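The next block holds one structure in the form of structure tokens; read it before the comments.
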Number of protein chains: 2
Amino acid sequence: MSTEICADCPVRKHALCSSLDDEGVITFTGLCQRRCIMAGETVMWAGDESRICANLLSGVLKMVAATADGREQIVGLFYPADFVGEPYAEEHAFTVTALTNAELCTIQRRPFEHFLEEHSRMENLLLQRTLRALKEARRRMLCLARLSAGEKVAGLLIDMAARAERCARRSGLNQPVTFDLPMTRGHMADVLGMTIETVSRQLTKLKGAGVLALSGNRTVTIKDAHALRARAAAR
Amino acid sequence: MSTEICADCPVRKHALCSSLDDEGVITFTGLCQRRCIMAGETVMWAGDESRICANLLSGVLKMVAATADGREQIVGLFYPADFVGEPYAEEHAFTVTALTNAELCTIQRRPFEHFLEEHSRMENLLLQRTLRALKEARRRMLCLARLSAGEKVAGLLIDMAARAERCARRSGLNQPVTFDLPMTRGHMADVLGMTIETVSRQLTKLKGAGVLALSGNRTVTIKDAHALRARAAAR
DNA sequence: CCGGGTCCTTGTTCTAGATCAAGGCAACTG
DNA sequence: CAGTTGCCTTGATCTAGAACAAGGACCCGG
């Protein structure tokens with residue numbers, strides 16, 4: 001019965017849980033609890049005690065670092081099947097907030113750490129994912145520090161298009177030369193370390209150059225992927 | 001006999017190996033090989049096959065990300081007892097170069113991964129370190145994207161002073177209100193995502209304000225730690 | 001159909017920091 | 001010890017992008 005919660009899990013093939021055998025899943029499920037989150041709602045607050053971790057089932061979350069005087073930087077985005085939380089940390093270093101409505105499969109941090117000890121395949125998978133996240137974060141450091149506004153925006157569009165494409169594949173759809181941005185201009189600015197205005201201007205420029213078409217605020221069509229890639233330059 | 005290599009290991013209490021029991025150490029040592037590196041020498045090249053990992057015994061290394069056209073960003077610094085390398089990755093994403101003469105304890109990547117499988121305490125320690133490195137990288141993203149030149153330099157000085165202090169503690173010395181920068185202005189600029197000139201100007205400004213004293217190019221004395229902290233602002 | 005959100009675009013001005021340029025100061029080298 | 005080299009400082013100028021400001025498009029509730 002406790003496995004039933006997993007029967008309809010949209011990410012059971014991709015989340016951390018994919019490393020578990022049937023018996024492991026049953027134990028794990030017993031420790032988990034599903035939770036729905038509304039867009040804009042915060043899941044973890046920087047400075048709060050780190051009590052829960054979670055697998056993201058659906059929706060998109062942002063992880064935000066902030067200075068004392070309120071400047072903000074998005075330091076990570078989470079998509080379905082991603083693991084969220086800070087095991088082994090006493091308190092959260094960052095605030096995690098939903099960009100869209102979302103669903104989480106949560107687990108208490110301590111029991112989770114304990115579970116890892118006894119399920120080294122999951123521990124190993126988490127290690128591999130953490131290493132990948134670290135690599136990604138380091139790449140982003142180069143982006144934030146050294147790329148121009150144009151390069152940043154082009155790069156982000158490519159990332160988001162790739163993400164959309166993968167999701168489309170998964171759900172069997174096709175051809176996402178057109179896709180919806182999962183975030184506002186403001187969030188794009190927060191990811192790229194720029195202002196809303198500059199993001200907007202760069203998009204307008206890409207549109208003017210015939211690289212993109214924009215319809216509505218969120219829908220983007222990549223008309224010239226080659227040109228877009230050229231503008232992203234980096235790596 | 002193979003353990004002898006560890007007998008004089010300067011970091012055996014702090015490196016990944018500290019998670020091993022005697023028998024583990026013996027096995028591990030058999031897989032390791034010490035290697036000396038000259039300042040300026042590169043240990044791993046971005047794009048090359050990821051064949052080795054290492055524990056740093058002495059010296060300081062930098063990890064550099066670069067764009068195709070040569071812009072560079074230091075995305076990580078490694079100090080004694082730190083783990084270097086990219087397990088589970090087919091190729092290196094970043095270039096690792098010695099800032100000072102250094103000594104490494106290297107191990108082939110594949111055998112290392114295999115060893116982790118069988119020594120879950122080490123795997124767990126690596127996981128914890130990787131999580132900490134990730135947190136650190138994310139903090140740095142905020143720094144790179146949102147802090148002013150003055151805040152960046154003040155913050156880096158505080159970090160380096162703290163690092164120097166810890167090393168001094170370890171080796172039994174005291175009072176490192178005065179310490180040596182482990183890097184040139186150019187490296188500081190590469191860490192902070194700015195230019196040499198701006199770093200230099202910020203240091204001159206701090207000196208002028210009586211916060212620091214500079215003697216020679218590398219030696220720094222923090223005269224007013226409180227003021228320095230105030231200038232670092234962030235977090 | 002109106003009023004007030006929220007989000008986005010566009011124009012103008014301003015500035016932090018990059019870029020360009022010129023020395024200064026040690027430390028080596030022959 | 002004159003010359004070279006590497007690293008650092010300081011000054012002058014330039015510019016990408018921030019900051020400020022205004023208005024437009026869309027949506028939703030009454």
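Every chain is numbered from 1, with letters handed out A, B, ... down the list of sequences. Just so you know, these numbers come straight off a predicted model, no measurement behind them.
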Please report, rounded to the nearest Å, how far the C1' atom of dG11(D) is from the NZ atom of K205(B). 15 Å
Which two nucleotides bound the region of DNA chain C that has atoms under 4.0 Å from heavy atoms of chain A, read 5' to 3'? dC8(C) to dT12(C)
Do NZ/NE/NH1/NH2 and the carboxylate oxygens of R35(B) and E103(B) come within less than 4.0 Å? no
L147(B) has an atom CG; how far is it from atom C1' of dA18(D), in whole Å? 16 Å
Separation of atom CG in L203(A) from atom P in dG17(D), rounded to whole Å: 14 Å
Any ion pair linking E86(A) and R51(A) (charged N to carboxylate O, less than 4.0 Å)? no
Atom-to-atom span, CZ of R146(A) to P of dG17(D) - whole angstrom: 14 Å
Counting only distance, no hydrogens or angles, is the base of dG6(D) paired donor-acceptor with the side chain of R185(B) under 3.5 Å? no
Measuring from the side chain of I196(B) (C-beta onward, heavy atoms only), which nucleotide among dC8(D), dC20(D), dT9(D) has the closest atom? dT9(D)
Do T97(A) and T42(A) pair up side chain to side chain, a donor and an acceptor below 3.5 Å, judged on atom types alone? yes
Heavy atoms only, 4.0 Å cut-off, all strands: where does G150(A) land among base, sugar-phosphate and nothing? nothing
Sorted by chain and number, sequence neighbours left out, salt bridge (Lys or Arg N to Asp or Glu O under 4.0 Å) with E136(B) holds for R140(B)
Give T204(B) one of three labels, base, sugar-phosphate or nothing, depending on what nucleic acid heavy atoms sit under 4.0 Å from its own. sugar-phosphate
Would you indicate which nucleotide in dG17(D), dA18(D), dG11(D) comes nearest to any side-chain atom of T195(A)? dA18(D)
Passing candidate, side chain to side chain contact (heavy atoms under 4.5 Å, CB included) with L192(A), options L156(A), L147(A), I74(A), T198(A): L156(A)
Given atom NZ of K207(B) and atom P of dT9(D), what is their separation to the nearest angstrom? 8 Å
Is D224(A) salt-bridged to R229(A), cutoff N-O under 4.0 Å? no
Any side-chain N or O of T198(A) below 4.0 angstrom from OP1/OP2 of dA18(D)? yes
DNA chain C nearest-nucleotide lookup for E197(A) and G193(B): closer to the 5′ end is E197(A)
Salt bridge check, R185(A) against D190(A): does any charged N sit closer than 4.0 Å to a carboxylate O? no
Round to a whole Å and report the spacing from CE of M194(B) to P of dT9(D). 12 Å
